[in-house]
Amino acid sequence: MWRDWHSASLFLSIAIAVPLFQTARNEAAWRFPYADVHGNAWTNVVLWCACWLFTGVVFGLAWLLSSLFDLIGLHFLRDLLQHSWFNALLFGASFGASLGLLRERDGVLRLLQRVVTSVLAVLAPVLGLGLLVFLLALPFTGLNALWEATKSTTPILLSCVIGALILANAVIGNGEQEELRNPVLRPGAMVLALAVLPLAVIAAIATGLRIDQYGLTPDRLWAVVFVALATAYGVAYIVALARGRMRWGAWVRPSNLRLAFVVAGVGLVLATPLLSFNALSTADQVARLESGKTAPEKFDWAALAFDFGDPGKAALKRLAGSKNAVIAARAKGVSGKANRWDVAAIDRTQTEADLLVKRLRVLPVPVPVPLALRTKLTDWQGCGAGREDRCTLLYRPAATEAVSIKQSCIDDLAREPKVKEENGAMFMATVPSGCGVSRYRLTGDTWQRIDENTQRPLTPVERAALKAGDAAGKVEIRSVPARRVFVGGVPVGDPFE
């Protein structure tokens with residue numbers, strides 16, 4: 001939804017600061033009566049939603065008219081709607097016009113605000129009952145169920161906290177005279193207020209566990225900030241309930257006002273580059289990698305390259321020169337990729353190459369196979385990517401050539417051909433003519449598969465002789481020795497050359 005969390009923080013800071021500024025402007029002093037601040041905040045929300053709704057209606061009407069004009073061959077409106085500049089102009093005009101029109105009808109906005117808060121207040125007992133059941137069930141289910149069910153525990157809990165705060169404040173209203181005293185709504189709001197702190201604490205535990213297991217990331221640091229703010233609200237609401245009991249609204253309203261200043265200030269600071277979550281996350285993740293706490297194959301290279309900003313890219317360049325050969329190789333491979341999907345492909349190939357060792361038989365003696373060769377062997381022409389496909393590799397240490405044979409192909413050749421009957425005639429089923437033998441040759445630092453039917457490059461002397469022989473008509477057949485794979489003395493596949 002947001003381009004980044006900095007933009008979201010700036011928007012949140014502005015959204016909270018605007019009603020504070022409106023109240024101070026109306027008071028002509030730095031006074032902030034809660035009823036006015038709360039009323040302005042809800043009015044702004046209603047106004048914002050109404051302007052978006054009006055803008056959507058305008059665009060719907062524009063597309064309807066364009067379709068109508070198309071019926072008679074007038075395509076100017078359809079063509080205009082296909083240009084971004086016209087859409088931007090139409091959006092600005094419609095949003096601004098609706099904002100100006102509704103601002104001139106403050107009474108209508110206030111009425112809409114009361115309607116919206118009244119409707120939302122009806123949902124307070126529903127959410128309150130759900131959260132109460134959830135919290136009462138936790139001692140029996142245990143917290144482990146939360147970590148096993150999803151990796152989004154913290155966002156879900158924080159969303160519940162936000163919903164509880166909105167609905168609870170819809171019930172208590174702008175002041176004591178507007179507080180709803182329905183025997184169902186009032187206890188529902190109190191349950192919501194009571195549930196905020198436990199939910200925030202559980203979210204804090206979940207975030208702490210993720211950080212301990214996987215280290216810092218920008219998203220987890222943002223989660224720490226949001227959990228801290230949710231905890232502050234939870235403490236304030238628990239204190240208000242303890243001191244005010246049934247009249248807890250009178251105690252929580254001043255706390256809401258003070259916390260509004262805190263949240264606006266925190267959001268404004270986080271929207272600036274004063275505190276770099278990318279730099280903090282990069283330093284922590286690299287430290288875990290270099291210390292061995294995180295293995296190179298389990299390290300999130302894509303996040304370092306594409307999620308941690310400039311600090312992540314700088315760290316990637318530094319890791320490319322690491323004394324650890326595995327880390328350096330992975331860093332160099334990731335540095336040349338344009339997007340995180342290419343990095344994910346590297347990770348998949350690396351995983352398949354590591355798993356290949358478990359199903360690979362190396363002859364004539366078992367020796368380690370270079371990673372570059374194992375990576376090539378995982379394609380369908382070599383040993384395949386199937387976790388159960390066994391494979392045999394003819395390879396010697398420091399050799400520049402290797403040959404792979406799929407076990408499934410050998411099994412097919414060794415199996416007794418079946419006799420089939422068709423149209424009264426008996427015949428033998430077709431037996432595979434080859435065994436999928438694949439040759440690989442090392443050129444520089446790269447292993448390449450050699451196509452058996454590809455002629456090797458000729459030398460200048462051979463090219464000259466070829467031209468002369470063709471011109472003189474010297475074409476003949478010779479018996480020449482050939483290299484070939486034998487399994488148990490039985491030739492398998494075609495001759496190499």
Side-chain angles (χ1 to χ4, degrees), residues 2 5-49 109-110 113-114 116-117 120-121 124 158-180 189-190 192-197 199-200 203 222-244 247-272 274-275:
W2 303 103
W5 282 113
H6 292 282
S7 302
S9 295
L10 181 61
F11 179 85
L12 177 64
S13 180
I14 292 174
I16 295 175
V18 166
L20 295 173
F21 169 78
Q22 291 170 325
T23 303
R25 178 199 60 191
N26 296 337
E27 292 288 322
W30 288 100
R31 291 194 299 268
F32 304 95
Y34 183 82
D36 293 339
V37 174
H38 192 257
N40 286 330
W42 274 106
T43 300
N44 291 342
V45 171
V46 172
L47 180 62
W48 176 263
C49 295
L109 283 178
R110 292 287 181 175
Q113 178 245 314
R114 292 191 185 94
V116 170
T117 53
L120 289 177
L158 290 178
S159 298
C160 291
V161 168
I162 294 173
L165 293 175
I166 291 174
L167 297 183
N169 281 278
V171 174
I172 65 174
N174 296 346
E176 190 172 353
Q177 69 280 2
E178 293 187 11
E179 188 171 343
L180 300 178
M190 296 178 69
L192 291 175
L194 187 65
V196 171
L197 184 58
L199 292 174
W222 284 105
V224 169
V225 173
F226 298 146
V227 166
L229 294 176
T231 303
Y233 272 96
V235 171
Y237 277 52
I238 287 289
V239 171
L241 285 169
R243 300 181 69 178
R247 298 188 60 190
W248 68 283
W251 292 92
V252 83
R253 292 187 191 97
S255 298
N256 279 340
L257 191 57
R258 287 190 289 268
L259 287 170
F261 280 98
V262 172
V263 174
V266 170
L268 184 60
V269 170
L270 294 179
T272 67
L274 294 176
L275 188 62

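- In terms of heavy atoms, L199 sits closest to C160 at CD1-CB, 4.0 Å.
- L268 CG to L12 CG: the interatomic distance, rounded to the nearest 0.5 Å, is 10.5 Å.
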Would you tabulate the side-chain donor-acceptor contacts of residues 166-173 under 3.5 Å, counting partners in other chains and residues two or more places apart, or write 'none'?
from, atom 1, to, atom 2, distance (Å)
N169, OD1, N256, ND2, 2.7
N169, ND2, L165, O, 2.7
N169, ND2, Y237, OH, 2.9

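- Here the CG-CZ distance, from L20 to F261, works out to 4.5 Å after rounding to the nearest 0.5 Å.
- Remark: A17 pairs with no residue by the side chain to side chain contact (heavy atoms under 4.5 Å, CB included) rule, at least two apart or across chains.
- Between the side chains of N40 and T23, a donor-acceptor pair is found at a separation under 3.5 Å.
- Once rounded to the nearest 0.5 Å, the distance linking CD1 of I162 with CG of L229 reads 10.0 Å.
- Looking only at side-chain heavy atoms (C-beta outward), L257 and V37 come within less than 4.5 Å of each other.
- Across all non-hydrogen atoms, the minimal contact from A41 to P19 is N-CB, 3.7 Å.
- For the atom pair F11 CZ and I16 CD1, the distance stands at 10.5 Å (nearest 0.5 Å).
- By the side chain to side chain donor-acceptor pair (under 3.5 Å) test, W248 pairs with no residue at all, sequence neighbours left out.
- A distance of 8.0 Å separates CD in Q22 from OG1 in T43, rounded to the nearest 0.5 Å.
- Shortest non-hydrogen contact noted between L270 and S9 is CB-OG, 4.0 Å.
- Residues Y233 and V263 have side chains in contact (heavy-atom distance under 4.5 Å, counting atoms from C-beta outward).
- P254 approaches A250 most closely through the heavy-atom pair CD-O, 3.3 Å.
- Minimum heavy-atom separation, V161 to A200: CG2-N, 4.3 Å.
- With sequence neighbours excluded, no residue forms a salt bridge (charged side-chain N to carboxylate O under 4.0 Å, His left out) with R114.
- A distance of 12.5 Å separates CG of L241 from CH2 of W251, quoted to the nearest 0.5 Å.
- Relative ring orientation between H38 and W42 is described as perpendicular, the plane-to-plane angle rising above 60° on a 0-90° scale split at 30° and 60°.
- Within the 4.5 Å cutoff, the side chain of I14 has heavy atoms near those of the V18 side chain.
- With sequence neighbours excluded, no residue satisfies ring-ring contact (aromatic ring centres under 6.0 Å, His included) with F21.
- Residues that satisfy the salt bridge (charged side-chain N to carboxylate O under 4.0 Å, His left out) test with R31, not counting sequence neighbours, are E27.
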